[in-house]
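Read the structure below first, then the notes.
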Amino acid sequence: MHNDIREVLFTQEELASRVHEIGASITQDYADAAQQGIVLVSVLRGAAIFMADLARAIELPVEMDYMAISSYGNGAKSSGVVRILKDLTSDIQGRHVIIAEDILDSGLTLKFLMKNLASRNPASLEVATLLRKKTKAQADITCKYVGFECPDEFIVGYGLDYAERYRNLPYIGVLKPEIYR
């Protein structure tokens with residue numbers, strides 16, 4: 001797997017350090033609000049590793065829940081039509097919800113998810129994204145917590161995949177073009 005990587009963007013140590021910093025910020029921001037409960041929501045599968053590490057970095061009680069969402073399209077680009085395949089099991093009404101996102105690319109799925117979750121009347125709804133790609137056509141989404149800005153490259157590792165491979169890499173790297181062409 002490592003030979004398929006053109007360049008390492010963020011090392012295991014850099015990821016751990018930044019996730020710890022985001023967790024400390026969330027701990028500070030929600031210290032007085034923990035009574036209502038904090039629910040971390042991850043969209044399967046990509047953000048699961050980030051959310052697990054983030055949950056351990058937050059020094060407040062948190063509940064973790066997961067959703068599975070399908071975006072229809074040609075595989076390379078979303079059509080904007082989104083369907084929920086697995087919904088939350090937690091009731092989020094009156095609770096603080098933080099969506100733990102692996103990467104903000106086009107933002108179409110995240111925009112849908114935020115609208116859907118907001119309709120369930122949480123006390124607050126924020127986004128913690130590990131990566132925010134620099135793209136021109138990105139939906140206008142405010143992320144309270146951003147790990148890293150990253151180039152518009154095909155990246156894998158730390159939960160991000162290509163054809164369900166590379167998720168288990170402990171770092172984030174740029175995949176060699178000959179692998180996905």
Side-chain angles (χ1 to χ4, degrees), residues 1-26 40-58 64 66-86 98-114 126-181:
M1 287 190 309
H2 302 284
N3 291 334
D4 295 345
I5 304 303
R6 185 184 82 211
E7 160 191 14
V8 174
L9 289 177
F10 307 107
T11 66
Q12 184 173 0
E13 295 76 20
E14 289 170 321
L15 291 167
S17 176
R18 188 65 185 121
V19 171
H20 181 76
E21 290 170 1
I22 295 170
S25 293
I26 291 171
L40 290 178
V41 174
S42 169
V43 178
L44 293 173
R45 300 179 200 159
I49 292 173
F50 169 54
M51 186 167 89
D53 287 348
L54 181 61
R56 288 189 294 258
I58 297 171
M64 297 166 60
Y66 303 87
M67 294 182 80
I69 297 177
S70 172
S71 295
Y72 292 96
N74 62 12
K77 187 176 179 184
S78 174
S79 67
V81 178
V82 181
R83 186 170 66 125
I84 296 174
L85 303 176
K86 184 228 174 281
I98 302 171
I99 300 169
E101 181 69 292
D102 55 353
I103 186 166
L104 178 54
D105 195 348
S106 72
L108 295 175
T109 302
L110 183 57
K111 194 169 187 175
F112 166 85
L113 179 61
M114 291 178 72
E126 298 293 349
V127 176
T129 186
L130 179 63
L131 302 169
R132 185 174 198 141
K133 265 193 183 180
K134 297 176 185 176
T135 60
K136 293 176 183 147
Q138 196 172 81
D140 185 25
I141 295 175
T142 301
C143 296
K144 187 168 185 176
Y145 310 99
V146 177
F148 301 96
E149 297 285 337
C150 70
D152 191 9
E153 298 271 3
F154 200 125
I155 55 177
V156 294
Y158 197 70
L160 297 158
D161 77 302
Y162 170 67
E164 294 304 322
R165 297 181 63 204
Y166 309 103
R167 288 189 196 276
N168 59 322
L169 289 173
Y171 55 83
I172 293 175
V174 177
L175 195 61
K176 291 178 180 174
E178 58 267 23
I179 303 299
Y180 57 89
R181 284 195 184 141

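For this chain, numbers begin at 1 and follow the sequence in order.
Between Leu113 and Met67, some side-chain heavy-atom pair lies under the 4.5 Å cut-off. For the pair Leu108/Val82, no side-chain contact is recorded, criterion being any heavy-atom separation below 4.5 Å from C-beta on. Residues Lys111 and Ile141 form a side-chain contact, since some pair of their non-hydrogen atoms from C-beta on lies under 4.5 Å apart. Side chains of Leu40 and Met51 form a contact here, defined as non-hydrogen atoms less than 4.5 Å apart. Counting heavy atoms from C-beta on, the side chains of Leu175 and Arg6 never come closer than 4.5 Å. In this structure, the side chains of Ile69 and Leu85 stay at 4.5 Å or more apart for every pair of heavy atoms. Within the 4.5 Å cutoff, side-chain heavy atoms of Leu9 are placed close to those of Pro151. Between Ile98 and Val41, the closest side-chain pair of non-hydrogen atoms is not below 4.5 Å.
Remark: the backbone N or O of His20 is not paired with any side-chain donor or acceptor of Arg56 at under 3.5 angstrom. Checked by atom type and distance alone, the side chain of Lys86 pairs as donor or acceptor with a backbone atom of Tyr66 at under 3.5 Å. Using modelled atom types, no side-chain atom of Thr129 and backbone atom of Arg132 make a donor-acceptor pair closer than 3.5 Å. In this structure, Lys144 contributes its side chain and Ile26 its backbone to no donor-acceptor pair below 3.5 Å. A donor-acceptor contact shorter than 3.5 Å links the side chain of Arg18 to the backbone of Gly147.
Taking CZ of Arg45 as the start and CD1 of Ile49 as the end, the distance is 12.0 Å to the nearest 0.5 Å.
Using a 4.0 Å cut-off between charged side-chain N and carboxylate O, Glu178 and Arg181 make no salt bridge. Here Glu149 does not pair with Lys133 in a salt bridge; the nearest charged N to carboxylate O distance is not below 4.0 Å. Salt bridge status for Asp161 with Arg167: present, with a side-chain N to carboxylate O gap under 4.0 Å.
Shortest non-hydrogen contact noted between Leu160 and Ile155 is CB-O, 3.9 Å. Across Ile5 and Gly173, no two heavy atoms sit closer than the pair CG2-CA, 3.9 Å. Counting all heavy atoms, side chain and backbone alike, His2 lies closest to Leu169 at CE1-CD2, 3.6 Å. Here the shortest heavy-atom pairing between Met64 and Ala55 reads SD-CB, 3.7 Å. The heavy-atom pair separating Leu104 from Cys143 by the smallest distance is CD2-SG, 3.7 Å. Here the closest heavy-atom approach between residue Asp102 and residue Ala47 is recorded as N-CB, 3.5 Å.
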May I have the step-by-step check of ring-ring contact (aromatic ring centres under 6.0 Å, His included) for Tyr171 and Phe10, ending in yes or no?
CA-CA 6 Å; Tyr171 55 83; Phe10 307 107; over 10 Å; no
Mind running side chain to side chain contact (heavy atoms under 4.5 Å, CB included) on Met114 and Ile99 for me, showing each step along the way?
CA-CA 8 Å; Met114 291 178 72; Ile99 300 169; 3.8 Å; yes
Check step by step if side chain to side chain contact (heavy atoms under 4.5 Å, CB included) holds for Tyr145 and Val127.
CA-CA 6 Å; Tyr145 310 99; Val127 176; over 6 Å; no
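Among Tyr180, Tyr166, Tyr162, the single residue meeting the side chain to side chain donor-acceptor pair (under 3.5 Å) criterion with Asp4 is Tyr166. No option in Val156, Ile103, Val8, Leu130 other than Leu130 meets the side-chain contact (heavy atoms from CB on, under 4.5 Å) test with Ile172.
Between the side chains of Asp53 and Tyr158, at least one donor N or O sits under 3.5 Å from an acceptor N or O.
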